[in-house]
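Everything numeric here is computed off the predicted structure, so don't read it as measured data. Below, chains carry the letters A, B, ... as their sequence lines are ordered, and counting in each starts from 1.
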Amino acid sequence: MDIRDTRPVEIDLHPVCNQRYLIPTFSIGETYALVLKVIRRRDSGLVIWGHTRYGKTWAMLYCQQCLAQDFPDFPIVIYNAKREISATKGNFYNSLLAVVGHKQWNDNVSLSKKHLRLVNFMEQAARKDSRQVFILFIDEAQRLQQQHFDWVKDIYNDLRLKGVTLLPILVGQQQLLDQKEAFLKTGVEGEAIVNRFMLYEHPFRGIREKEDFATCLGFFDSTPYPANSTWTFTKFFVPQAYDNGFRLALVKDILWDTFCDAYKELKLKSKMEIPMQYFSKTIEIILRDSVDMDHPGYTITREFSLRSIRESWFQAATRNSKAADPNA
Amino acid sequence: MIIVPNAKTLNSNPRYCSVSPPYIAYESAYSILSRFALYNVIQGDALVKIFAPSKSQGNGKRSRLQNLAHSAAVNPSAIEECFALDRAQQDALFLVPSAVPSSDHIAAILRVCPVCMVRGVHYSLFQYSLIKQCPIHQVELSQACQTCGGAMDYSLNSRLFREPYGCNHCGHLLRLKGSQSGQSYLNRTGLNRLILAHRVFERGRKHQVFFDITQPTNIYFDNAAQFSSAISDFAVHQRALFNEVQAKAASGRCDRRMGFYRVGNISRCSSLKNPVLELTVKDLISILKCIFRKIRKRFLPEVKLSKRKLAGVWRSVEECDVPRQGYQLVGYLDWLCFWYGVKTPSDLCAKARSCINKKLGAWLQSKRTHEVFASLKGACERNWLMTKILAHEVIFFMTRQIRRLSESDLTCSRTNPSQIVYRRWVGPAAWALIVLPQQTACEFHFSARSVFAELGWSKVSKPAQRETYASLSR
């Protein structure tokens with residue numbers, strides 16, 4: 001065997017096998033465009049909402065990676081909100097300090113000191129870039145209570161006095177919209193929170209169109225790993241078939257139709273929307289299981305793709321989500 | 001395009017808040033650590049824990065209370081991690097060992113310029129106890145809190161950083177208060193003075209400059225009175241001299257009217273291959289004799305010394321009541337005795353030859369162990385420098401003594417108010433040596449204050465001489 005045919009890394013170390021890759025869908029592209037707009041206009045108040053397993057967290061990570069490339073000095077952090085029985089300011093500041101990367105986040109000091117540490121740290125981090133913006137993605141934002149928003153508001157105001165703009169971007173499920181309604185009903189205080197942090201909503205979607213589906217498949221055919229090598233994701237798993245012209249994008253019809261068939265089996269009236277989680281899982285199963293079957297004439301059959309979709313638990317999860325929320 | 005997330009972006013290492021500005025030229029470790037404390041809201045013991053040297057550093061014992069002017073007082077890796085300074089900047093936070101080789105003259109307590117503290121700056125230079133004024137604002141450095149009068153230990157201890165920029169006793173800020181704080185701007189001339197003051201330290205870092213201030217222990221004391229007066233005056237004179245010589249050495253200029261001289265060996269560079277004989281006591285004796293002869297002829301032309309006159313002065317001149325007009329003569333005799341290593345002027349006739357050998361031999365030996373000679377390459381240069389140092393010390397002490405007559409703090413005799421009590425003035429003698437780095441051989445400049453230029457011709461008439469000899473032999 002030619003040495004050039006040897007895979008550059010072991011199969012188990014490939015990002016597809018350990019789910020260490022981010023794939024941009026149309027909705028992720030839309031989200032990133034919105035984030036860029038928010039930065040340009042220094043508008044706080046973006047809310048990204050979507051159903052569970054639709055890939056909101058991956059979208060956030062994708063935006064973080066893209067921003068790190070486009071603006072290397074930008075401070076971007078992702079805070080994962082926890083469900084709390086009662087909001088505690090000290091714990092909230094501690095977790096924020098940990099997220100922004102302060103070395104002494106767990107110190108047992110007064111609340112005012114924690115607040116100062118946080119504000120100073122964020123200020124200095126933001127000053128590394130001339131735009132002086134700090135981007136804070138808050139994942140699972142529907143778990144935040146009014147006090148949490150008040151505390152973020154305090155930080156926002158203190159940073160504003162120092163000339164730094166804090167841009168909190170809330171990412172969560174549909175309950176965020178209900179929360180917004182509830183805040184507006186509480187009066188001026190609630191309105192201040194809404195106008196600062198929940199001004200405009202952006203729904204995060206799964207894959208709804210065949211073109212979007214094909215584009216995503218095309219990324220597997222074109223992205224090399226390791227970078228600057230000729231080993232694209234598809235070639236890595238089926239090198240002989242790839243050299244013979246096999247591409248995932250070329251079997252888009254089979255894959256899309258199989259997804260449609262799998263969805264039809266659920267007998268749902270609404271239009272199909274493939275959450276990113278299950279799309280990626282299906283392709284991962286297809287690629288991983290094709291390794292042993294690789295030969296120059298290899299292609300994907302309808303049966304194989306249907307089995308992969310089932311094993312990704314797309315149907316089970318879709319059925320569950322419809323049962324939990326019939327309007328979804 | 002698919003992105004494989006960069007592990008660095010996903011898992012950023014926890015760090016401390018960066019400080020702004022990241023570094024101020026010439027600032028001290030206290031200054032940058034206080035800024036760190038302010039930005040990170042970490043004070044006292046917590047801050048000490050971060051920067052304390054590890055046990056593995058040095059001799060295995062944690063030296064937490066070492067003077068903060070010494071680089072061993074903090075953990076260098078902690079400084080590197082928290083401030084991202086380059087090596088030179090990191091060294092400049094401390095005086096020892098980068099700027100000065102030993103802990104001599106390093107203040108044990110925090111000394112601040114209240115005006116600089118308005119900007120939150122403390123320069124490492126302030127901890128050099130020979131410097132009494134802030135070079136920028138020319139105000140006296142403060143060693144105690146202006147509110148409570150408390151002083152603070154200058155070591156990495158929790159109390160020093162309990163209140164950044166503040167007094168650890170009363171909590172008040174050490175800065176200038178109220179409306180005066182407007183003077184805190186960093187003016188150009190002030191900055192130039194600061195740079196000038198540091199230039200010497202920078203040269204010292206590259207082993208290009210050497211300062212020497214003769215310590216009281218290096219100077220011969222005949223009795224307790226000399227010692228006590230020397231101790232009381234020493235610090236003041238030492239500081240003044242250091243400032244003057246340092247400034248002159250750094251500026252590279254000399255001012256003859258102010259009594260400064262600066263000599264270079266540029267034309268005397270020896271080839272390293274040619275062996276040159278080491279200087280001996282015999283060589284120094286002729287230099288010493290020449291100096292004393294010249295001083296007598298130039299400044300005390302009427303003084304005539306004879307064996308008969310000297311033989312009459314059989315006791316030490318220290319604490320003798322002498323006529324005011326004869327003071328220069330007594331000073332001359334006293335220092336002649338000092339350098340000849342004899343106790344009384346009468347011994348100059350009998351014991352001079354053996355004593356001078358012993359005295360100058362000891363002096364030569366003490367100077368040969370001086371660090372400056374280790375850095376000089378050629379024997380010719382070493383000999384040249386040795387003669388310069390000897391000449392400087394002889395002239396400096398002598399002229400200082402003679403000039404004391406014009407000073408008001410001379411003690412009048414209790415028995416005869418027209419006479420004064422003679423005391424040998426023992427003080428510091430300072431000099432600076434600048435080794436120029438451009439030369440492959442050894443080129444250097446010797447700067448010192450001789451006070452020679454300030455000394456005028458003194459008239460010691462024959463009757464006054466007679467009276468003086470009489471008072472000394474009484």
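- Heavy atoms closer than 4.5 Å to chain A are found in both the backbone and the side chain of B:Ile42.
- Within the 4.5 Å cutoff, no side-chain heavy atoms of A:Leu61 are placed close to those of B:Pro5.
- In this structure, A:Asn120 contributes its side chain and B:Asn40 its backbone to no donor-acceptor pair below 3.5 Å.
- The shortest non-hydrogen separation linking B:Val19 to A:Gln124 is C-OE1, 4.4 Å.
- Crowding of A:Tyr32 atom OH: a count of heavy atoms from other residues, nucleotides or ligands under 6.0 Å exceeding 12.
- With rounding to the nearest 0.5 angstrom, the CZ atom of A:Arg117 is 16.0 Å from the OH atom of B:Tyr39.
- Within a 6.0 Å sphere centred on NE2 of B:His169, heavy atoms belonging to other residues, nucleotides or ligands number more than 12.
- Rounded to the nearest 0.5 angstrom, A:Phe121 CZ and B:Arg15 CZ are separated by 3.5 Å.
- In this structure, A:Thr223 contributes its side chain and B:Ile2 its backbone to a donor-acceptor pair below 3.5 Å.
- Using a 4.5 Å cut-off between heavy atoms, A:Tyr225 touches chain B through its side chain atoms alone.
- Contacts between residues 96-109 of chain A and chain B, counted as heavy-atom pairs separated by less than 4.5 Å, involve A:Gly101, A:His102, A:Lys103, A:Gln104.
- A:Lys128 touches chain B through its side chain: at least one heavy atom from C-beta onward sits under 4.5 Å away, while N, CA, C and O do not.
- B:Ile3 approaches A:Cys66 most closely through the heavy-atom pair CD1-SG, 3.8 Å.
- Here the CD-OG distance, from A:Glu123 to B:Ser18, works out to 9.5 Å after rounding to the nearest 0.5 Å.
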